[in-house]
Amino acid sequence: MRGLRLKFMLFVYNWSTQVYSELFKGHVKAWGISKEEFLTYPEGSIGAALGAFYQEKGFDVMPKLENHDVFHILTETGTAIHDEIAMQYLLFGNGKISLYLLGMLLIGTLLFPEHGRYYLNSFRKGKRMQRFYDIAFKDYLLESRQAFQLSLYNKTIHTTYNTI
C-alpha cells in the first residue's frame, strides 16, 4: 500500500510542478544557469552549493523553480517525497500561502500521516526562521551559504534582499 501511495504522490508532484511552473510562475524569469555553471561558483557560496546539490542528486535545473532548490540547501531539507511535503509545511510556517502549497499539504498529509511529527516540526522550523520564501536568490548566488543560512535562523537578514 505504501508503494502505491508513493507512486501516486510522485506522479502528482511531478505533474503539479510542471503545471505550477506554467500557470503560476509565468511572471518569473528562469535563471538561465546550467548545473555545470553552478559548479564554477566560489566554494562555500550558495551557487556552488546549488551545483553540488544538482550533481549529488542527479537533478537537472527546473527553469523558474530554482529558488525552491535553494530552499532545500538553506533549510537542509531532503528531496524524498515526504521531505517535499515537509518543505511545504516549512514554507507554510514561514508565511507562504498558495493554492499549490495548501493542496500539497492536504494530499501529502492524507497519504503520509505517519510523517505527521516531521511535518509539524518542519512547520515550527519555518516559523522560527526569518521570512525567506520570497527572496530572489539569483541575486545572492555568490553569498556564503553558511552565513546566509545562519542569518535565516538568527533572523538577521537585512531587508535589502530583493524579493520575487
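- Between the OG atom in Ser122 and the CZ atom in Arg117 there is a gap of 12.5 Å [rounded to 0.5 Å].
- Of all the heavy atoms in Asn94 and Phe132, the pair that sits closest is OD1-N, 2.9 Å.
- Partners of Ala147 by side chain to side chain contact (heavy atoms under 4.5 Å, CB included), not counting sequence neighbours, listed by chain and number: Ser144.
- The minimum heavy-atom distance linking Arg128 with Lys155 is given by the pair O-CE, 2.8 Å.
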Do Ile46 and Val70 pass the side chain to side chain contact (heavy atoms under 4.5 Å, CB included) test, and can you show the C-alpha distance, the side-chain angles, and the key distance before you say yes or no?
CA-CA 8 Å; Ile46 291 172; Val70 175; 4.1 Å; yes
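- By the side-chain hydrogen bond (donor to acceptor under 3.5 Å, both in side chains) test, Gln146 pairs with no residue at all, sequence neighbours left out.
- In this structure, Lys138 and Ile33 have side chains that are in contact, with non-hydrogen atoms separated by less than 4.5 Å.
- The aromatic rings of His115 and Tyr119 sit tilted relative to each other, their planes meeting at an angle between 30° and 60°.
- Residues passing the side chain to side chain contact (heavy atoms under 4.5 Å, CB included) test with Leu120, sequence neighbours excluded: Arg124.
- With Asn67 contributing its side chain and Tyr133 its backbone, the two residues share no donor-acceptor pair below 3.5 Å.
- With sequence neighbours excluded, the residues satisfying side chain to side chain contact (heavy atoms under 4.5 Å, CB included) with Asp60 are Lys35.
- Take Thr79 and apply the side-chain hydrogen bond (donor to acceptor under 3.5 Å, both in side chains) test, not counting sequence neighbours, and it matches no residue.
- Scanning all heavy atoms of the two residues, the minimum distance from His72 to Thr77 falls at ND1-O, 2.9 Å.
- Heavy-atom minimum distance, Met129 versus Thr75: CE-CG2, 3.9 Å.
- Expressed to the nearest 0.5 Å, how far CD1 of Ile157 lies from CD1 of Ile135 amounts to 4.5 Å.
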Intermediate values then yes/no, side chain to side chain contact (heavy atoms under 4.5 Å, CB included), Lys125 and Phe123:
CA-CA 5 Å; Lys125 182 178 181 179; Phe123 174 81; over 6 Å; no
Side-chain atoms of residues 48-58: list all donor-acceptor pairs with protein atoms under 3.5 Å, sequence neighbours left out, distances to 0.1 Å.
from  : atom 1 : to    : atom 2 : distance (Å)
Tyr54 : OH     : Asp69 : OD2    : 2.7

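- For the side chain to side chain donor-acceptor pair (under 3.5 Å) condition, no pair includes a residue of residues 38-50, sequence neighbours left out.
- Val61 and Phe59 fall within a single hydrophobic cluster, where Ile, Leu, Val, Met, Phe, Trp and Tyr side chains are chained together by heavy-atom contacts under 4.5 Å.
- For Asp83, the side-chain hydrogen bond (donor to acceptor under 3.5 Å, both in side chains) test picks out Tyr118, with sequence neighbours left out.
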Between Phe148 and Phe137, is the ring pair (Phe, Tyr, Trp, His ring centres under 6.0 Å) condition met? List the steps.
CA-CA 11 Å; Phe148 201 98; Phe137 284 105; 5.4 Å; yes
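- With hydrophobic clusters built from ILVMFWY side chains whose heavy atoms lie under 4.5 angstrom apart, Leu152 shares a cluster with Leu142.
- In this structure a side-chain-to-backbone donor-acceptor pair under 3.5 Å is missing from Gln88 to Leu105.
- Checked against side-chain hydrogen bond (donor to acceptor under 3.5 Å, both in side chains), Gln149 has the following partners two or more places apart in sequence or in another chain: Glu76, Arg145.
- When all heavy atoms of Met104 and Ile85 are compared, the pair lying nearest together is O-CG2, 4.4 Å.
- Remark: Ile97 pairs with Phe92, Leu102 by the side chain to side chain contact (heavy atoms under 4.5 Å, CB included) rule, at least two apart or across chains.
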